[in-house]
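Predicted model, so just to flag it, every value in this text is computed and none were measured. Numbering of ligands and ligand atoms starts at 1, following listing order.
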Amino acid sequence: MKLWGGRFSKATDSRVDDFNSSIRFDARLYRQDIKGSMAHAEMLGRQGIIPPGDAELIVKTLGEILSDIEAGKVAFEIDAEDIHMNIEKILIGRIGEAGKRLHTGRSRNDQVALDLRMYVKDEIDAVCGMIKNLMHALLDIAEAHTTTVMPGYTHLQKAQPVTLAHHLLAYFEMFMRDLGRLADARGRTDVMPLGSGALAGTTYPLDREFVARSLDFACVSRNSLDAVSDRDFAIELLSALSVAMMHMSRFCEELILWNSHEFGFIEMDDAYSTGSSIMPQKKNPDVAELIRGKTGRVYGGLMGLLTTMKGIPLAYNKDMQEDKEAVFDAVDTIKLCLPVFTAMIQTMRLNTGAMKKGASGGFTNATDAADYLVKKGLAFREAHEVVGKIVAYALGAGKALDEFSMDEFKACSPVFEDDVYEAIRLEACVAGRSLVGGPAKGTVEAAILEGRRRLGPR
Ligand code: ARG
């Protein structure tokens with residue numbers, strides 16, 4: 001018999017049981033569900049809403065059920081629909097009458113909202129820990145490469161020289177904002193919905209603040225209809241995870257390029273590459289590709305839940321049961337990706353010679369040649385034009401700028417003097433960009449130090 005079977009005269013069709021049931025995926029909320037029920041039961045006892053002895057027995061038995069689940073001794077039933085009713089049914093099976101008092105002043109609607117909020121808070125903490133590990137790894141590599149010159153790109157065309165450290169710090173900033181987004185989302189998730197009942201609150205004198213405190217929530221929800229029917233906190237999580245995946249995916253795309261024979265800037269460790277079943281020479285960056293690919297499913301979860309929610313009238317509707325798989329899959333996916341991504345970058349070999357060489361051809365110092373002329377008194381537009389002509393000539397002659405003779409320079413503009421060679425040296429180009437946010441060694445060293453401080457201890 002169903003826990004809600006009183007008004008029914010027929011059993012549910014077995015196809016409907018199967019269709020309606022969420023236990024296949026919401027079983028993983030067992031810990032949150034039990035902890036929430038413990039706090040609720042304790043509060044019911046303290047308020048004299050149920051006999052304190054019953055409350056104690058419920059709490060004790062829920063503790064035993066928790067250990068049994070963790071020991072793999074509990075089999076859930078499709079018939080009992082979801083994790084909430086499965087656990088309640090097991091409880092009632094063990095202690096009868098007292099167990100039947102647990103659901104006083106509560107609905108599965110506020111219960112599931114509570115469980116999911118607890119889950120999201122825990123997982124945000126876990127994901128943030130993994131992002132921080134990745135960020136520490138970035139700083140470690142950056143620290144060793146503040147003078148490793150490489151080409152910076154726009155339009156995937158060589159643009160201006162930067163350093164590997166500077167490039168990595170760009171990702172550090174992106175992941176820092178991801179931490180901020182997740183912390184923001186966590187703040188709005190940290191709201192305790194029990195006491196909202198099915199939709200309209202409850203007539204029992206519940207102590208909502210007590211429940212919030214015992215479950216480590218910052219506050220209680222302010223509107224019962226809202227508390228049981230919005231999933232914006234889950235959407236915010238999916239959104240923040242989507243952005244973090246997008247960042248990781250871009251990074252992977254770069255690593256895949258850098259790892260190619262054409263770039264040769266890095267070589268993935270054998271332990272983080274795979275071979276081809278037909279082409280014996282191949283060593284493929286599958287890990288990076290798979291992270292790039294998995295980004296799609298996290299976006300999918302976000303779009304899915306947004307779409308699910310967009311037409312639902314207040315308050316709870318069963319559509320909302322569809323929230324969980326999206327959230328679980330996104331969390332599982334990013335938790336799978338982050339550690340393997342971190343290990344992959346920690347083990348990749350950096351070919352600093354190829355990076356330097358990449359920065360050397362392709363006129364990455366052309367802007368600095370123009371800036372040189374500006375410092376000698378030319379207007380920037382004029383200098384731009386002169387250097388543009390120089391580049392056109394150099395392309396024809398098959399030379400780099402620093403391979404020009406003084407006569408060649410002079411032929412382009414009489415303003416050029418011997419000090420131009422120093423001005424367009426790649427290292428000098430980098431060193432000159434010492435404003436906050438720039439690639440100069442001292443600036444980047446300070447940014448790394450500041451990054452460690454912002455990140456806190458490992
Ligand atoms: N399994 C349901 C869910 O995930 C729990 C809430 C069900 N409430 C209800 N009135 N049917 O959303």
Protein heavy-atom partner closest to [atom] - residue, atom, separation in Å:
atom                    : answer
atom 6 (C) of ligand 1  : Tyr316 OH, 3.5 Å
atom 8 (N) of ligand 1  : Asn109 OD1, 2.9 Å
atom 11 (N) of ligand 1 : Arg108 NH2, 3.5 Å

Identify the heavy atoms of Leu194 and Arg208 that sit nearest to each other, and give their distance. O-NE, 2.7 Å

For Lys73, look at atom NZ and say whether over 12 heavy atoms of other residues, nucleotides or ligands are found less than 6.0 Å away. no

Close-contact set for ligand 1 against Asp82 heavy atoms, below 4.0 Å: 1 (N), 2 (C), 5 (C)

Just which atoms of ligand 1 are under 4.0 Å from any heavy atom in Ser22? 1 (N)

Does the pair Arg94 and Asp68 meet the rule for a salt bridge (Lys or Arg N to Asp or Glu O under 4.0 Å), with working shown? CA-CA 13 Å; Arg94 292 192 186 185; Asp68 288 351; 2.9 Å; yes

Any nitrogen or oxygen of Gln321 lying under 3.5 Å from a nitrogen or oxygen in ligand 1? Just yes or no. yes

If I apply the N/O under 3.5 Å rule, does Lys324 come out as touching ligand 1? yes

Does one side chain, of Gln160 or Thr364, offer a donor that lies under 3.5 Å from an acceptor on the other? no

When you check the gap from the basic side-chain N to the acidic O, do Arg250 and Glu253 get nearer than 4.0 Å? no

Exactly one candidate in Arg231, Gln111, Gln32 meets side chain to side chain contact (heavy atoms under 4.5 Å, CB included) with Leu116; the answer is Arg231

